[in-house]
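Residue numbers run from 1 in the order of the sequence given. Quick caveat: nothing in here was measured; it's all calculated off a predicted structure.
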Amino acid sequence: MTNLRSLPWIERLVGIDTTSRNSNLELIELVAAAFREHGIEPHTFPTPDGKKANLIATVPAADGTISGGVVLSGHTDVVPVDGQDWDSDPFSVKITEDKLFGRGVADMKSFIAVALTWLPEIVAAELSEPIHFAFTYDEELGCLGGEEIVKQIADLGLSPRIAFIGEPTSMQVVRGHKSVNLIKATFTGVTAHSSLTSAGVNAIEYAAKLITYFRDYTQKWKTEGPFDEEFLLPYSTGGSNVINGGTASNIIPAEAVVELDFRTIGAVDPDTVIGDVFAKIAELDEQMKAENPAAGATAVVPSKVPGLDTGTDSDAVAFGALLGVDSSEVKVTYGTEAGQFAGTGIAAVVVGPGDIAQAHTANEWIAVDQIEKCEKFIGELIRELSRPS
């Protein structure tokens, strides 16, 4: 049995099913109550439908200052367990000698739990700078809460200088990741019997033209670059990962929907890619309308998460080193909310307990020693910000 100090908070957080399709309000209310117990009034920001919320709470510096300082940020949602073969209840922490199992233990409720466990010490400390807590909704659906929380932090006038985003990095400082972008294209054809092709417009065939175009477009990154050798795949990537359409083999399809995912290194502008793809879709729209004015193609961008490219000379990297955390030599393949923080001028890095390889899997687990390292990290943060100036 582990003697982790943060275990009670991990168990509380994992015990609330915050799969992205569900509300996160039970968790937000639990966390808000914890802050109030320590004399901190949190700010909660509900979504327009009132089903989810972001939370921001600030422990001021000893002189009452609330601007500047350090943000500890994490997302409250988790991915589904549907169709996964778990050996235990995913929403109840299973404990072995060296691991904890449960949905979200790695991605990323353990980081949030450690931060909350140290709240009494943070409140009691004579801080030279404030410490902010920022917890979001719907990171797993495209960092939707992250897009809002950076605006909310700005509106509160908090102006943090450093942000630690607690995704699982094996407690190494990660300076970079690719942008993550989704384009959803809808092709509206005209249905007819398949023996009368001239009477219809085949939506799937036009969707296929986009898929072929996008493959050719993204394959050039692999062969022509640009390249960033700090990534496992040192070039931007993309693919057509979802397609739906058609009714039956003898009916010309009236609709096809394609979802294109692409991830760019810092040298590739996502907006340029989106512009090129939209131009191709507009071209296909004209071709479809030429066959039949009722046909056409449209597209939207459901999610667009900026990349992260923090320099080695960043204050966040230096401060992480001061807290005893090594900097990773590689940038990571997955996306995080760190790019959204960096986009507002905050020095942001990703650092948290656990391995991304365990995220989203059946029997998701985290090593106990990873949580211990995170506990030490937060303890060092408090000590460093409590030093006399």
Which pairs count as salt bridge (charged side-chain N to carboxylate O under 4.0 Å, His left out) when at least one residue sits in [range], sequence neighbours excluded?
{"range": "residues 46-65", "result": "K52-D138"}
{"range": "residues 330-339", "result": "D228-K331, E230-K331, D309-K331"}
{"range": "residues 114-127", "result": "R5-E121"}
{"range": "residues 146-164", "result": "E129-R161, E148-K151"}

| query | Which pairs count as ring pair (Phe, Tyr, Trp, His ring centres under 6.0 Å) when at least one residue sits in residues 138-189, sequence neighbours excluded? | reply | F164-F377
| field | Residue pairs, two or more places apart or on separate chains, that pass ring pair (Phe, Tyr, Trp, His ring centres under 6.0 Å) and touch residues 266-290 | value | none
| query | Can you name the closest pair of heavy atoms from L25 and S23 and give their distance? | reply | N-OG, 3.0 Å
| query | Which pair of non-hydrogen atoms, one from P226 and one from A267, has the smallest distance, and what is that distance? | reply | CG-CB, 3.7 Å
| query | So F35 and F133, would you call those rings parallel, tilted or perpendicular, with 30° and 60° as cut-offs? | reply | perpendicular
| For the residue pair F214 and Y217, does the interplanar ring angle fall in the parallel (under 30°), tilted (30 to 60°) or perpendicular (over 60°) class? | parallel
| note | side chain to side chain contact (heavy atoms under 4.5 Å, CB included) test vs I243 passes for just one of I211, V257, L210, namely I211
Under 3.5 Å donor-acceptor, [X] side chain and [Y] backbone:
{"X": "S194", "Y": "N250", "result": "yes"}
{"X": "S314", "Y": "A316", "result": "yes"}
{"X": "N24", "Y": "A53", "result": "yes"}
{"X": "Q358", "Y": "F101", "result": "no"}
{"X": "T191", "Y": "P253", "result": "no"}
{"X": "S110", "Y": "A106", "result": "no"}
{"X": "H75", "Y": "D77", "result": "yes"}
{"X": "S328", "Y": "V330", "result": "yes"}
{"X": "Q370", "Y": "G354", "result": "yes"}
{"X": "T264", "Y": "S236", "result": "no"}

Output the distance between atom [atom1] ([X]) and atom [atom2] ([Y]), rounded to the nearest 0.5 Å.
{"X": "L284", "Y": "K289", "atom1": "CG", "atom2": "NZ", "answer": "11.5 Å"}
{"X": "M108", "Y": "E140", "atom1": "CE", "atom2": "CD", "answer": "10.0 Å"}
{"X": "T96", "Y": "D98", "atom1": "OG1", "atom2": "CG", "answer": "4.5 Å"}

Nonpolar side-chain network containing [X], other nodes, edges under 4.5 Å:
{"X": "V300", "result": "none"}
{"X": "L232", "result": "none"}
{"X": "L141", "result": "Y137, L144"}
{"X": "I56", "result": "F45, I66, V71, I149, V150, I153, L156, L158, I165, F341, I346"}

Side-chain heavy atoms nearer than 4.5 Å, only ILVMFWY residues, links allowed to pass through others: does that put [X] and [Y] together?
{"X": "M171", "Y": "W365", "answer": "no"}
{"X": "L308", "Y": "V325", "answer": "no"}
{"X": "V305", "Y": "V268", "answer": "no"}
{"X": "V190", "Y": "I251", "answer": "no"}
{"X": "I162", "Y": "V173", "answer": "yes"}

Is any side-chain heavy atom of [X] closer than 4.5 Å to a side-chain heavy atom of [Y]?
{"X": "P168", "Y": "D355", "answer": "no"}
{"X": "N202", "Y": "T197", "answer": "no"}
{"X": "L72", "Y": "L381", "answer": "yes"}
{"X": "W9", "Y": "L119", "answer": "no"}
{"X": "I183", "Y": "N181", "answer": "no"}
{"X": "S386", "Y": "L127", "answer": "yes"}
{"X": "I371", "Y": "I366", "answer": "yes"}
{"X": "V273", "Y": "W221", "answer": "yes"}

Is a donor from one side chain sitting under 3.5 angstrom from an acceptor on the other, for [X] and [Y]?
{"X": "E375", "Y": "T117", "result": "no"}
{"X": "T298", "Y": "T186", "result": "no"}
{"X": "H132", "Y": "T58", "result": "yes"}
{"X": "T18", "Y": "K109", "result": "yes"}

So does [X] have more than 12 non-hydrogen atoms from other groups sitting under 6.0 Å from [atom1]?
{"X": "K184", "atom1": "NZ", "answer": "no"}
{"X": "E41", "atom1": "CD", "answer": "yes"}
{"X": "N241", "atom1": "CG", "answer": "yes"}
{"X": "K222", "atom1": "NZ", "answer": "no"}

| side-chain contact (heavy atoms from CB on, under 4.5 Å) evaluation trace for N54 with T47 | CA-CA 8 Å; N54 284 337; T47 53; over 6 Å; no
| request: List for me each residue that meets salt bridge (charged side-chain N to carboxylate O under 4.0 Å, His left out) alongside K280, sequence neighbours excluded, and say none if there are none. | output: E283
| Who are the salt bridge (charged side-chain N to carboxylate O under 4.0 Å, His left out) partners of E255, not counting sequence neighbours? | none
| Full working for side-chain contact (heavy atoms from CB on, under 4.5 Å) between E167 and V332 | CA-CA 11 Å; E167 295 277 7; V332 296; over 6 Å; no
| field | Salt-bridge contact D17-R103 (side-chain N to carboxylate O under 4.0 Å) | value | no
